[in-house]
Amino acid sequence: NSSEGATAGDISALEEAFRKFAVHGDTRATGKEMHGKNWSKLCKDCHIIDGKNVTTTDVDIVFSKIKGKSVRTITFEQFKEALQELSKKRFKGKSDEEALQEMYKLIEGKGPGLTGVTKTVASPTVSRLTDTSKFTGSHKERFDASGKGKGRAGREDLVDNSGYVSGYKHAGTYDHKVQGNK
C-alpha cells in the first residue's frame, strides 16, 4: 500500500497491530507513535522475545537506537526499521527479507493481551462485607432499598432547623389542626 493514499480501510495488518499496541494503556495516545513500554509489550506478546536470540535488553537497545535523541516515541516507519534490526537476530539463518517477513507474520493481526491483569476474586468474606442488604443499625441507614448509597445524606446527620424544637415530627400540621377545629 502506498503511504500517500493510505486511508483507514487501506492500512496493513502490521500497521493495525502497531496502532493497537500504540494506544494500549494510554488514553491520550493517537496510535501514530509508540512508547518504549508499549514496544516492549508488543515484543513480548507477539513472541519476538524468545529468550535466546532476542532478549528484553535487545528490544530496549533497538528502541533507543531507532528513536530520535530527544523523543520518547517511535513512528510506524521507525517501528519497521526496529523490526528489521530485530529480525536479523531473531531469524539468524534466513535472508534479511525472509527474516523480516517472518517477523511481520508474528505481529500481524495481533493486539495487546491482557495477561497478568489482576482478576477479582469472589470470596465469601468480601461478598458479605459488601452486601448492603445484610447491614444493620446506623450502617443500614446509609443505603436505600436498592442498595445504592445515599451519599452525604447517608453519612451525616443533617440538622433540620425548620422548627423551634429539633426533630419535631408534626411540623407543618398546625394550620391543618386549627382549620379542622373551626
Side-chain angles (χ1 to χ4, degrees), residues 1-132 143 146-149 151-152 155:
N1 58 2
S2 63
S3 58
E4 56 262 11
T7 59
D10 185 54
I11 59 173
S12 67
L14 184 71
E15 194 168 353
E16 182 65 32
F18 172 81
R19 286 189 182 171
K20 282 180 186 170
F21 278 98
V23 297
H24 179 73
D26 187 1
T27 52
R28 295 177 315 227
T30 59
K32 293 184 181 6
E33 294 179 326
M34 184 182 284
H35 283 275
K37 178 180 65 119
N38 291 10
W39 162 249
S40 295
K41 181 166 180 52
L42 179 140
C43 292
K44 279 188 192 93
D45 289 3
C46 296
H47 306 292
I48 292 170
I49 296 173
D50 61 357
K52 291 191 258 359
N53 299 331
V54 178
T55 64
T56 49
T57 311
D58 296 326
V59 168
D60 293 340
I61 290 168
V62 167
F63 183 82
S64 298
K65 194 162 113 182
I66 297 292
K67 74 176 181 61
K69 282 266 184 272
S70 61
V71 193
R72 296 172 64 187
T73 57
I74 57 171
T75 63
F76 182 63
E77 292 308 314
Q78 289 170 314
F79 168 73
K80 288 200 287 193
E81 281 179 53
L83 287 180
Q84 203 161 10
E85 288 276 329
L86 283 177
S87 67
K88 292 172 194 166
K89 287 186 77 112
R90 178 74 162 81
F91 302 102
K92 279 192 173 130
K94 301 194 173 174
S95 71
D96 288 359
E97 191 53 42
E98 271 185 312
L100 193 58
Q101 290 310 315
E102 289 291 321
M103 195 67 114
Y104 288 173
K105 281 181 195 160
L106 287 176
I107 298 166
E108 286 174 354
K110 295 260 176 67
L114 298 176
T115 54
V117 175
T118 309
K119 291 177 180 61
T120 56
V121 179
S123 75
T125 309
V126 173
S127 62
R128 190 177 71 243
L129 292 171
T130 56
D131 184 2
T132 57
F143 299 90
S146 69
K148 189 174 186 314
R152 184 174 172 206
R155 284 194 306 274

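- Atom NZ of K88 is surrounded by more than 12 heavy atoms from other residues, nucleotides or ligands within 6.0 Å.
- To the nearest 0.5 angstrom, E85 atom CD is 15.5 Å from K80 atom NZ.
- The closest side-chain heavy-atom distance from V23 to T30 is not below 4.5 Å.
- With sequence neighbours excluded, the residues that form a ring pair (Phe, Tyr, Trp, His ring centres under 6.0 Å) with F76 are F18, F79.
- Looking at heavy atoms from C-beta onward, M34 lies out of side-chain contact with T73 at the 4.5 angstrom threshold.
- For the residue pair G31 and A22, the shortest heavy atom distance occurs at CA-CB, 3.9 Å.
- Closest non-hydrogen pair, N53 versus R90, comes out as ND2-O, 3.4 Å.
- Side-chain contact between R72 and K67 is absent, with no heavy-atom pair separated by less than 4.5 Å.
- Side-chain contact between S40 and F63: absent, with no pair of heavy atoms (C-beta onward) separated by less than 4.5 Å.
- Two residues are said to be in side-chain contact when any heavy atoms from C-beta on lie closer than 4.5 Å; I49 and D58 fail this criterion.
- Between K44 and T56 there is a side-chain heavy-atom pair separated by less than 4.5 Å.
- A donor-acceptor pair shorter than 3.5 Å cannot be found between the side chains of S87 and D96.
- The heavy-atom pair separating A99 from F91 by the smallest distance is O-CD1, 3.6 Å.
- Separating the CZ atom in F143 from the NZ atom in K148 is a distance of 10.5 Å, to the nearest 0.5 Å.
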Just list the side-chain donor-acceptor pairs under 3.5 Å for residues 100-109, sequence neighbours left out, or say none.
| residue | atom | partner | partner atom | Å |
| --- | --- | --- | --- | --- |
| Q101 | NE2 | E97 | OE2 | 3.0 |

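- Here D45 contributes atom CG and N38 contributes atom CG; the two are 10.0 Å apart, rounded to the nearest 0.5 Å.
- Using a 4.5 Å heavy-atom threshold, the side chains of D50 and T55 count as separate.
- Between W39 and A82 the shortest heavy-atom distance is CH2-CB, 3.7 Å.
- E77 contributes atom CD, which lies 8.0 Å from atom CD of E15 (distance to the nearest 0.5 angstrom).
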